[in-house]
Number of protein chains: 2
Amino acid sequence: MKNYNNQKKVLLAVDCIIFGFDKKNLKILLIKRDFEPEKGHWSLMGGFLKTDENLDEAATRVLNHLTGLDNVYMEQLRSYSALDRDPVERTVSVSYYALINIEEHSTLNESFSAKWFNIEDKPDLIFDHNLMVKNAMSRLRYRASTKPIGFELLPEKFTMKQLQTLYEAILGETLDKRNFINKINGLDILIKTEEKDMGSSRKGSYFYTFDEEKYKVKVSDGFAFKL
Amino acid sequence: MKNYNNQKKVLLAVDCIIFGFDKKNLKILLIKRDFEPEKGHWSLMGGFLKTDENLDEAATRVLNHLTGLDNVYMEQLRSYSALDRDPVERTVSVSYYALINIEEHSTLNESFSAKWFNIEDKPDLIFDHNLMVKNAMSRLRYRASTKPIGFELLPEKFTMKQLQTLYEAILGETLDKRNFINKINGLDILIKTEEKDMGSSRKGSYFYTFDEEKYKVKVSDGFAFKL
DNA sequence: TTTATAAATGTATTTTTTACACTTCCAAAT
DNA sequence: ATTTGGAAGTGTAAAAAATACATTTATAAA
């Protein structure tokens, strides 16, 4: 048998839930659809799978096309396959979420009319994209409490306050400052720099960086990140 | 626009990781492939997505075709899309896992030469099916400790010992009997029947059933299953 | 009636999580 | 030079959860 004859093929797309953090709020990057149907409505950035790429590559390409970024943390979520999910044509879509450091992308590709929204102020999205975002949030919450992915959303140097604010935004709950810092310090995977952020207070607060090497060594010794 | 022209379609398949439990071991149901390539090798049960069904329906159909079972617990896992994953033709596959009560399926569809394997004795599988099984195991472990899905693998009535053995098989670790029973009883979602299983000892051990109604009420009151 | 075997049961200890308040530092204002 | 305001930084006691652990009980078979 040279191929699977008589089997029907289907359009396969990827849709990206792009998360960012502006030191205050968890954000999501959306684009304004400029063609019918649903023209003018907000949507996730997406694209079709090409024959010479796998899904990870398609998601990476689509993300790069909008943001210009490479080497972004992405993770596949799941497939959406309701028969009528896309009114134009039967399309199965695989969702991915991306975590990007907002400061890093200089300019968004203008042609998509993209805009960052606070996750709480997200507009209603087309098709099943609202569901995709909801599911992505729940995966992000889980992942953030078992893997040190939060740092993907922060600049290289960050303060404890920023880190706590980020986790509060992801988990959707307020955390006790002392308990949070004690827990983080207990993990022993951050480096305290000499530098201070003088923007937030007279006293200033120390910048930290994530010690990825140390983390990897600890993991290989059986350490499991847990927040 | 009536459809997305110029976009290439792709074959989309589902593959099922079918778990069972025979009161002793966690098992997986595999089929023997009877056509080239890889003829004679073991494989997951799978099938192609049809144009008039979504992925859940495809997975349900495929499972039913092999086992004759309906109303089986299934959960979508993830997509596999490596360009050369299927040597016959480019195919993207979405994996699902199913939890079935082994006693329930009277007869397997003979035409697939299906066989139950202890999960530890699983043979090498075709394509990327080994990876699919590995990922399914890890999802099963997570799910089993946060949702009461273990009962899907057990008969209506089961003993505490059987339940513990099941969880040990899923989690891959031995558990302390008293702590296990205390924890389960603490959840307060089982009904202790009057009946005893006399097969395992002179004394006999009580049968329990899962109180799904009570569980649902508790969940709606904010209760979260956690083992 | 003795014996063998799995079933059933509770508590003390350790670990983890939570709750909670005062002092320090420094720029800006006086 | 001194005061002031505001966020940064820090530790401990109490509560809750997880763990370790050993004896008695019920029954069929010998």
Side-chain angles (χ1 to χ4, degrees), chain A residues 22-25 141-142 144-146 154-155 157-169 171-209 218 222-227, chain B residues 23-25 141-142 144-146 154-155 157-209 218 222-227:
Chain A
D22 66 356
K23 291 188 174 146
K24 207 72 190 290
N25 295 292
R141 268 194 294 274
Y142 172 59
S145 57
T146 53
L154 291 168
K157 293 170 183 175
F158 50 85
T159 67
M160 280 288 181
K161 183 65 187 301
Q162 285 161 13
L163 186 62
Q164 179 179 344
T165 306
L166 169 62
Y167 271 91
E168 287 178 334
L171 302 175
E173 57 186 314
T174 60
L175 303 170
D176 177 88
K177 177 171 55 157
R178 277 180 291 185
N179 291 341
F180 181 78
I181 292 174
N182 288 341
K183 208 165 205 171
I184 294 288
N185 284 333
L187 296 174
D188 187 30
I189 52 174
L190 294 191
I191 295 165
K192 185 178 192 168
T193 70
E194 306 282 290
E195 265 179 281
K196 280 186 166 188
D197 171 16
M198 298 310 293
S200 60
S201 75
R202 308 240 156 94
K203 185 177 180 177
S205 60
Y206 284 102
F207 277 119
Y208 290 78
T209 59
K218 295 189 75 155
F223 166 82
F225 179 93
K226 182 80 183 47
L227 201 93
Chain B
K23 291 186 174 149
K24 206 74 190 290
N25 295 291
R141 269 195 294 275
Y142 172 59
S145 58
T146 53
L154 291 168
K157 293 170 182 173
F158 50 86
T159 67
M160 279 287 181
K161 184 67 188 298
Q162 286 161 13
L163 186 61
Q164 179 179 344
T165 305
L166 169 63
Y167 271 91
E168 288 178 333
I170 292 175
L171 301 175
E173 57 186 316
T174 60
L175 303 170
D176 177 89
K177 177 169 57 158
R178 276 179 292 184
N179 292 341
F180 181 80
I181 292 174
N182 287 341
K183 208 165 204 172
I184 295 289
N185 284 333
L187 296 174
D188 187 30
I189 51 175
L190 294 192
I191 296 165
K192 185 178 191 168
T193 71
E194 307 280 291
E195 264 179 281
K196 280 186 167 188
D197 171 15
M198 298 311 292
S200 60
S201 76
R202 308 239 156 97
K203 185 178 180 178
S205 59
Y206 285 103
F207 278 120
Y208 289 78
T209 59
K218 295 190 75 156
F223 166 81
F225 179 93
K226 182 79 183 50
L227 202 94

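Note that the structure is a prediction, hence the values are computed from the model and not measured. Values below: every heavy atom of this structure, side chains too, minus hydrogens, waters and symmetry copies. All chains are named by letter (A, B, ...) in the order of the sequence lines, taking the proteins before the strands, and each is independently numbered beginning at 1.
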Run the side chain to side chain contact (heavy atoms under 4.5 Å, CB included) check on A:Tyr208 and A:Met160 step by step: do they pass?
CA-CA 7 Å; A:Tyr208 290 78; A:Met160 280 288 181; 3.6 Å; yes
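- Judged by distance alone with a 3.5 Å cut-off, a donor-acceptor contact links the side chain of B:Arg202 to the base of C:dA4.
- The separation between A:Arg178 atom CZ and D:dA13 atom C1' is 12 Å, rounded to whole Å.
- With rounding to whole Å, A:Lys203 atom NZ is found 5 Å from D:dG9 atom C1'.
- To the nearest angstrom, C1' of C:dA8 lies 7 Å from NZ of B:Lys177.
- In this entry the distance linking CG of B:Asn182 with P of C:dT11 reads 11 Å, nearest Å.
- The 5' end of DNA chain D is approached more closely, in terms of each residue's nearest nucleotide, by B:Lys226 than by the other of B:Ser201 and B:Lys226.
- Of the possible donor and acceptor atoms, one in the side chain of A:Ser145 sits under 3.5 Å from a partner among the backbone N and O of A:Arg141.
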Worked verdict on B:Gln162 versus B:Asp197 for side chain to side chain contact (heavy atoms under 4.5 Å, CB included)
CA-CA 11 Å; B:Gln162 286 161 13; B:Asp197 171 15; 3.7 Å; yes
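- Between B:Lys23 atom NZ and C:dA6 atom C1' there is a gap of 17 Å when expressed in whole angstrom units.
- A straight line from NZ of A:Lys192 to P of D:dG9 spans 6 Å, rounded to a whole angstrom.
- If you take CG of B:Asp197 and P of C:dT5, they are 18 Å apart, rounded to a whole angstrom.
- Taking every side-chain heavy atom of A:Ser200 into account, D:dA8 is the closest of C:dA8, D:dA8, D:dC21.
- Mapped onto DNA chain C by nearest heavy atom, A:Asn179 and B:Asn179 fall at different nucleotides, with B:Asn179 at the one closer to the 5' end.
- Regarding B:Ile181, its CD1 atom lies at a distance of 8 Å from the C1' atom of C:dT9, rounded to whole Å.
- The shortest distance between side-chain heavy atoms of A:Leu190 and A:Leu163 falls below 4.5 Å.
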